[in-house]
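For reference, the structure discussed in these notes is given below.
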Amino acid sequence: MTDASTPLIVGGDRGPQADSAPRPDADLLDGLNPPQREAVTYRGPALLIVAGAGSGKTRVLTHRIASLLRNREAWPSQILAITFTNKAAGEMRERVGQLVGESARGMWIATFHSACVRILRREAQQFGFTTAFTIYDSGDSRALIKRLVKEHEGDAYGLTPAAVQGKISKLKNELADAESYARQANMSDPAERVFTAIFGDYQRALQRANAFDFDDLIAQTVYLFRAFPHVADVYRRRFRHILVDEYQDTNHAQYALIHELTRPVSGASSAEPYSAGGMMIFEPEKAPELEGASLTVVGDSDQSIYAFRGADIRNISEFERDFPGARVVLLEQNYRSTQNILSAANAVISNNFDRKDKKLWTDVGAGEPIVGFTGYSQHDEAQFIADEIEKLHRAGVAYSDVAVFYRTNSQSRALEEIFIRSALPYKIMGGTKFYERAEIKDALAYLVSVANPADEMAVRRILNKPKRGIGDVTETAIARFAEDNQLTFRDALASSDALGVGPKVQAAIAHLDKVLAEATALMLPASGEITPPTAVAEGLTLLLQKSGYLDALRASRDPQDEARLENLDELVAVAREFARNNPDGTLIDFLTEVALVADAGDLDDASGSVSLMTMHTAKGLEFDTVFVTGVEEDLIPHRISAGEPGGPSEERRLFYVGVTRARKRLYLTLAMTRAQFGEVSVAMPSRFLQEIPAELIEWRQSPGDVNSRGGSGSRALNARRPGGGWGGRKDDPPALAPRSTSLDRFPNKIPAKVRDNSEMQLAAGDRIRHEDFGEGRIDAVTGEGAKRIAHVRFDSAGAKKLLIKIAPIEKL
DNA sequence: GGCGGTGGGCCCCTG
DNA sequence: GCCCACCGCC
């Protein structure tokens, strides 16, 4: 079946050859079903693996790579595997490592963005950047765009920074640049004209700052390959096997990048040896034509959930047309979930009309029923989840095997509040990123000001942080002086005496200049000298101390500044950790890692905690127990999606992704009322609930229950009724709960004021009263200090754990 | 130039 | 309900 002798590589750099049978990869095929085997063993120019959720996609990919290596069909350095998330890349690296050991190290297993950064760092000088370029995250680029919109008075034409940023991003994902856009724009429309001007200025500002934004990382790499074929050929020669995960989520720029990389080598390049990644590549005297790399893509159009950011589903649906002769392999057997979960998922997704029919199946049996629950408020919903997780935990389920999903990040707050109260260990994945915190961005701006002094944005950011009396007027004076004297903004700081500012301000500027120079000497010494690995951590500490940043936070009375200091300590710790893991790592390397790894927590795994995340973040992950929360109209499907073409079906796919993450237990929860924008509104059950056959869901409390009873108080005080209820009554949509009734009595909000019971003395046997749960008896007290936990048996609400410090309790 | 008060907009999802 | 832009005052 497998044609191992297919001449994949015509040319001098063919991989080492295997001698003869038995196949060294035989054990890699053990336990694979026939389509999986074919996906591992097929050899040819192009392979599309259509992999349903949980069909063993990662297994197939990693085994395919291992098989190439073990059969000596490829060197590790000839393999490029691309994923979308750092997490997926990390997992793939680990699993390939388990299969082939040490040799996994020469491979590129990277996200689109990190692969492009590696290429750009090497080639930046080819087109007017330096290797020290900065990566602007969306916050950075928004700040820059905001300034440009203001300069161009864009608001007079209805151009908001957010809209401009979105449009630029979209254009870059379609590989349009400012010039090409200007050529076809409708210039009689003044708004178009201003937008075009802003776009152009933005791109020039990036170039001047020696910076790329996230979209540029991809688009500029494509541009580089197209403009400099001899550079592209270096990578085409190097990567003979390219594998792309989640192909249904690629946008046009990413598609073009893959196309560039898999083109045949033209052979028109010069005969110099190039050094790529420390690997010298010598071209043969008479460069012969070299076939394009073999391409393997894996995807599932039912899991395409990124159309909103430019993902083009046609990339996968037209793969066979793009790559004639491509083999297609379908993986439909699911190894993850129970049949009940799959039946629900199949039922929901079959409501999308524009799809190829595909049905996941399993042979593990029906499993437990799906559990439904409707709370009175989002806090009631969260309390049910916390209680249920505790119950599972007591029955032996590890916290780390449980995940809670939601549609929007703002939904995490109610869950967090209840989880903290319940002393339930949890971890938010994604969400407000560590590196997006203001103090972290400030600290990084200090580092960037040293690493890439051309980055004016970074220098402007730290100019008056901490407050040193440098305001708008002075900032403008520095900018003007820089322009007049052909200096960078950073270098202008050295001439504080020539700015014509007051003595105090002048001294402040001089001091900042001195601190930056000192840190530069420490972290970027003159060539030849060796920097110790700890230079980054030391330089960061020096900058934060001598700039007065830490002192200002310490002197502050704002209680949040204490947390900011802790975050900065954490950043220094990350720098030290980085030095340990990368003894040769430079300041630039550190900044790259920080720019591409959005969350410091991505590095260390959330062992021992429940994982909270959006359904988008959940893609590619799996858990024994999954709670999909907020299953309400206007949330999933989201309100805004209704008006977008393809919006509702994308929402359905998103829900499908959430549901199919569950291995054994799936909970679907919702609330009858939900606070949004600070006010409480009535929520309707999601249409997706009605698409699931009623017999699959066991309602602990159905939307009907909540309505009919009207809520005679806290759910926790009511007996739970199993089954029945609303699930089956399709033509009888649940009536809205009246706004009056005792619904309002249920605690819909958590007191914003942080309570502090740390002094409360509690011991086993004591009786307490809780605001929501009523009276109960303490079984035990564990933990210490701020983390003391009371294990309480409430008279009517059952057993709960409470974080004593903040629990709304009183001793009786 | 810094600070505190106020009112509008907002919250969809990512590297 | 929270963040941020803006304004008026010191």
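Sequence lines set the chain letters: A, B, ... in the order given, protein chains first and strands last, and positions in each chain run from 1. Values below: all heavy atoms of this structure, side chains included; hydrogens, waters and symmetry mates excluded.
Closest to the A:T474 side chain, of the nucleotides B:dG15, B:dC11, B:dG1, is B:dG1. For A:Y306, taking side-chain heavy atoms from C-beta onward, the closest of the listed nucleotides B:dG15, B:dT14, C:dG1 is B:dT14. For A:Q676, the side-chain atoms get nearest to B:dC11 when compared with the rest of B:dG15, B:dC13, B:dC11. In this structure, of B:dG15, B:dC11, B:dC13, it is B:dC13 that holds the atom nearest to the side chain of A:T614.
Distance A:M429 CE to B:dT14 P: 12 Å, rounded to the nearest Å. Between the CZ atom of A:F84 and the P atom of B:dT14 there is a distance of 14 Å, given to the nearest Å. Distance, A:F405 CZ to B:dT14 C1': 16 Å, rounded to whole Å. In this structure, the CG atom of A:N409 is 14 Å from the C1' atom of B:dG15, given to the nearest Å. Taking atom CG of residue A:L635 and atom P of nucleotide B:dC13, one finds them 10 Å apart after rounding to whole Å. Remark: C1' of B:dC13 and CZ of A:R652 are 18 Å apart, rounded to the nearest angstrom. Summarising the geometry, the separation between CZ on A:R674 and P on B:dC11 is reported as 17 Å, rounded to the nearest angstrom. Atom CD of A:E651 and atom C1' of B:dC11 are 13 Å apart (whole Å).
Here A:S641 lies out of heavy-atom contact (under 4.0 Å) with every strand. Heavy atoms of A:T408 sit under 4.0 angstrom from primed sugar atoms or phosphate atoms, though from no base atom. Nucleic acid contact class of A:F112 (heavy atoms, under 4.0 Å, all strands): none.
Cation-pi geometry between A:R661 and A:F623 is not satisfied (NZ or CZ under 6.0 Å from the ring centre, within 45° of the ring normal). Annotation: cation-pi pair A:R309/A:Y306 present, NZ/CZ under 6.0 Å from the ring centroid and within 45° of its normal.
Residue pairs that meet the salt bridge (charged side-chain N to carboxylate O under 4.0 Å, His left out) test with at least one member in residues 459-481 of chain A, sequence neighbours left out, are A:D442-A:R461, A:E456-A:R460, A:R460-A:E475.
Residues passing the side chain to side chain donor-acceptor pair (under 3.5 Å) test with A:Q220, sequence neighbours excluded: none. Partners of A:E91 according to the side chain to side chain donor-acceptor pair (under 3.5 Å) rule, which considers only residues two or more places apart in sequence or in another chain, are A:R95. Considering only residues two or more places apart in sequence or on other chains, A:S412 meets the side-chain contact (heavy atoms from CB on, under 4.5 Å) condition with A:Y406, A:E416, A:I428. Residues meeting the side chain to side chain donor-acceptor pair (under 3.5 Å) test with A:D455, sequence neighbours left out: A:T134, A:Y136. Partners of A:F405 under the ring-ring contact (aromatic ring centres under 6.0 Å, His included) rule, at least two apart in sequence or in another chain, do not exist in this structure. Under the ring-ring contact (aromatic ring centres under 6.0 Å, His included) criterion, A:Y549 pairs with no residue at all, not counting sequence neighbours. A:Y157 is linked by a ring-ring contact (aromatic ring centres under 6.0 Å, His included) to nothing, counting only residues two or more places apart in sequence or in another chain. The side chain to side chain donor-acceptor pair (under 3.5 Å) search around A:D497 returns none, not counting sequence neighbours.
Put simply, A:H616 has no side-chain N or O that comes within less than 4.0 Å of OP1 or OP2 on B:dC13. Taking 4.0 angstrom as the limit, A:T617 places a side-chain polar atom (N or O) nearer than this to OP1 or OP2 of B:dT14.
Nucleotides B:dC13 and C:dC4 have their P atoms positioned 16 Å apart, rounded to a whole Å. Straight-line distance between the C1' atoms of B:dC11 and C:dC6: roughly 23 Å, to the nearest whole Å.
A:F112 and A:V244 get closest at one heavy-atom pair: CZ-CG1, 4.0 Å.
In this structure, the ring of A:Y247 has its center no less than 6.0 angstrom from the ring center of A:Y255.
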Please write out the pairs of protein N or O atoms and N or O atoms of nucleotides 2-7 of chain B separated by less than 3.5 Å, giving the distance to one decimal.
| residue | atom | partner | partner atom | Å |
| --- | --- | --- | --- | --- |
| B:dG2 | OP1 | A:N464 | ND2 | 3.1 |

Protein and nucleotides 5-10 of chain C: nitrogen or oxygen contacts under 3.5 angstrom:
| residue | atom | partner | partner atom | Å |
| --- | --- | --- | --- | --- |
| C:dA5 | OP1 | A:K146 | NZ | 2.6 |

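Taking 3.5 Å as the limit, the base of B:dC12 and the side chain of A:R407 contain a donor-acceptor pair of atoms between them.
Of the residues in residues 212-221 of chain A, those lying under 4.0 Å from DNA chain B by heavy-atom distance are A:F214, A:D215.
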